[in-house]
Novice: 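Dumping the structure here so I can ask a few things about it.
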There are 2 protein chains.
Amino acid sequence: MSYKRSFLMEERLADNRQRILKAARALVAEGGFNQAAIAAVAASAGLSAGAIYRYFPSKAALFVEVLTSAIDHEIAILQEIVNGEGNVTARLRACVESFANRALEGPYLAYAFIAEPAEQEVDEARLLGRIRFGEVFKSLLIEGIEKGEFPEQSVDIGAACIVGAFTEALIRPIAPRARRDGRTELVEGIVAFCLRAVGAKIS
Amino acid sequence: MSYKRSFLMEERLADNRQRILKAARALVAEGGFNQAAIAAVAASAGLSAGAIYRYFPSKAALFVEVLTSAIDHEIAILQEIVNGEGNVTARLRACVESFANRALEGPYLAYAFIAEPAEQEVDEARLLGRIRFGEVFKSLLIEGIEKGEFPEQSVDIGAACIVGAFTEALIRPIAPRARRDGRTELVEGIVAFCLRAVGAKIS
DNA sequence: TTTTTTTGTGAATCGCCATTCACTTCTTTC
DNA sequence: GAAAGAAGTGAATGGCGATTCACAAAAAAA
């Protein structure tokens, strides 16, 4: 009667799904969303174009998942830092540094995830991601103010500004095909900006 | 022999061109680049689709011009402030305020100009615009440091961060269709953030 | 093994718009 | 006013790539 997938089958399917996601991410990483046509993703994942649609309802859905899972990962890393040791200022610094360094690691990927135009849905996912990043910083700001490390200030706006600030500063060297020298200075500059901006004592 | 356009004819042509630009801007303002198909622009300008191509080589070129001229206008306003009276801190504040207020005035337009996905060329123009905005702030930063109003700092990075910060903070309430209450607070929050960030004395 | 259900294939379809172009209408020249 | 040139029209074209679909291969049920 009813069809029951064997365990191996289950696994193979799950594996296919993962391979599709991985292929998509890789293509985005090397050429942005443009390079990542369904046909290309399929080929790179060793499947046919049609098969993709057994795993994802649409191209947009696929890329939303690619983006979202990347963001999840990123957020997890930041969250770990936030929950870690040290005073708030140090942790804020660590967050910005960490994010910036990883972004500069894989330029195109970061560009695509931060700024490259894509379909509506992907864009919405991106906005959501930014908001989530904002939340992380917001929690730091709140803690910092509570502990007297930062002066009273609007945490919502501050959080958004921080995200915007380092995001923008990162995109410039990333976007076209800029060199990566001065990377340390860049990251340090961004960190300094953000720390001053929140009113941290030591800059 | 050779055809010479009468003065009236010249004028009518120039007028058409302007009308096309205006129509395009209006469409973008009300529905983003998506709403602004060539056919729609043409209709709205009282011309046929084909006619557009007598004035602009391509859709991209048209929108690049729309965007660029809007940016020019914006830059001119900021430049005026920069060249004006008062200490650097005050002028920086005025720039941010002025920009933010205008952006909140016409939400969709600002969104389109700051963030909405569009064709490659338009995007490049947008990046260029951001850089130009950056230059304006950079000049303020340099002056501020010279005059001792701001501490020593990386002006390039700082300028980029400022643009990113207020841009991001503006987009959140703008992007979907947010309310405009708390506008004053928003603008004030952004200004405060930026002033602290550059290390201005009074915040 | 045969039947049924699921998964995979990839060429054909389809939608979407910018762009073109054969033609009409208006301007200028003679 | 007629001829020649320019501007305007809008339906047809063209390209692109996501999505579908008729069919094939593979897996589970019988």
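Quick note on labels: first sequence line is chain A, next is B, and so on, each numbered from 1.
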Novice: Please report, rounded to the nearest Å, how far the C1' atom of C:dT27 is from the CD atom of B:E10.
Specialist: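 B:E10 atom CD is separated from C:dT27 atom C1' by 13 Å.
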Novice: I'd like to check B:L78 versus B:S98 (side-chain heavy atoms, cut-off strictly below 4.5 Å). Are they in contact?
Specialist: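 With C-beta onward as the side chain, the pair touches.
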Novice: What residues from residues 12-28 of chain A pass a heavy-atom cutoff of under 4.0 Å to DNA chain C?
Specialist: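 Close to the strand are A:R12, A:L13, A:N16.
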Novice: Considering only NZ, NE, NH1 and NH2 on the basic side and carboxylate oxygens on the acidic side, decide whether A:E105 and A:R183 come within less than 4.0 Å.
Specialist: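 Between A:R183 and A:E105 there is a salt bridge, with a charged N closer than 4.0 Å to a carboxylate O.
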Novice: Regarding A:F56, tell me which of base, sugar-phosphate or nothing describes its non-hydrogen contacts under 4.0 Å with the strands shown.
Specialist: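 Result for A:F56 = nothing.
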Novice: Round to the nearest Å and state the distance from A:M9 atom CE to D:dA25 atom P.
Specialist: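 To the nearest whole Å, that distance equals 16 Å.
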Novice: Does C:dT28 have its OP1 or OP2 closer than 4.0 Å to a side-chain nitrogen or oxygen of B:S6?
Specialist: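 For B:S6, the contact criterion (side-chain N or O under 4.0 Å from OP1 or OP2 of C:dT28) is met.
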Novice: Backbone N or O of B:E97 within a donor-acceptor pair of the B:N101 side chain at under 3.5 Å?
Specialist: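 Here the side-chain-to-backbone pair exists.
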Novice: Figure out the CD1/P separation between A:I52 and C:dT9, and round it to whole Å.
Specialist: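 My rounded result for the distance is 10 Å.
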Novice: In whole Å, what is the span from the CG atom of B:L8 to the C1' atom of C:dT27?
Specialist: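 Rounding to the nearest Å, CG of B:L8 and C1' of C:dT27 are 12 Å apart.
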Novice: OP1 or OP2 of C:dT7 versus the side-chain N and O atoms of A:R5: is any pair under 4.0 Å?
Specialist: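 The answer is yes; a side-chain N or O of A:R5 sits under 4.0 Å from OP1 or OP2.
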Novice: How about A:E124: does its CD atom have over 12 heavy atoms from other parts shown lying under 6.0 Å from it?
Specialist: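 Atom CD in A:E124 is packed in, count exceeds 12.
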Novice: Measuring only between side-chain heavy atoms, which start at C-beta, is A:P151 closer than 4.5 Å to A:I145?
Specialist: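 The answer is no, as the side chains (C-beta and beyond) never meet within the 4.5 Å cut-off.
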Novice: Distance only, no hydrogens: is a donor on one side chain within 3.5 Å (strictly under) of an acceptor on the other, for A:N16 and A:R54?
Specialist: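 There is no such pair (donor and acceptor under 3.5 Å, judged by atom type) between the side chains of A:N16 and A:R54.
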Novice: For C:dT7, does either OP1 or OP2 sit under 4.0 Å from a side-chain N or O belonging to A:Y55?
Specialist: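 Negative; the distance criterion is not met.
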Novice: May I ask you to say whether A:R93 pairs ionically with A:E188, meaning some side-chain N is under 4.0 Å from a carboxylate O?
Specialist: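 Looking at A:R93 and A:E188, the cut-off is met.
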Novice: What I want to check is whether the side chains of A:N83 and A:R91 have a donor and an acceptor closer together than 3.5 Å.
Specialist: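 Distance-only check fails for A:N83 and A:R91.
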Novice: Distance-only criterion, 3.5 Å: show the donor-acceptor pairs between side-chain atoms of residues 29-48 of chain A and protein atoms not counting sequence neighbours.
Specialist:
| unit_1 | atom_1 | unit_2 | atom_2 | d |
| --- | --- | --- | --- | --- |
| A:N34 | ND2 | A:E116 | OE2 | 3.2 |
| A:S48 | OG | A:A51 | N | 3.4 |

Novice: What integer distance in Å separates A:F7:CZ from D:dA27:P?
Specialist: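 Going from A:F7 (CZ) to D:dA27 (P), I get 16 Å.
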Novice: Given D:dG10, D:dA27, C:dG10, which nucleotide is nearest the side-chain atoms of A:S48?
Specialist: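 For the A:S48 side chain, the nearest candidate turns out to be C:dG10.
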Novice: Protein within reach of the bases, or only the backbone? For nucleotides 14-24 of chain C, mark each nucleotide 5' to 3' as B, S or -, using heavy atoms under 4.0 Å.
Specialist: ----SBB----
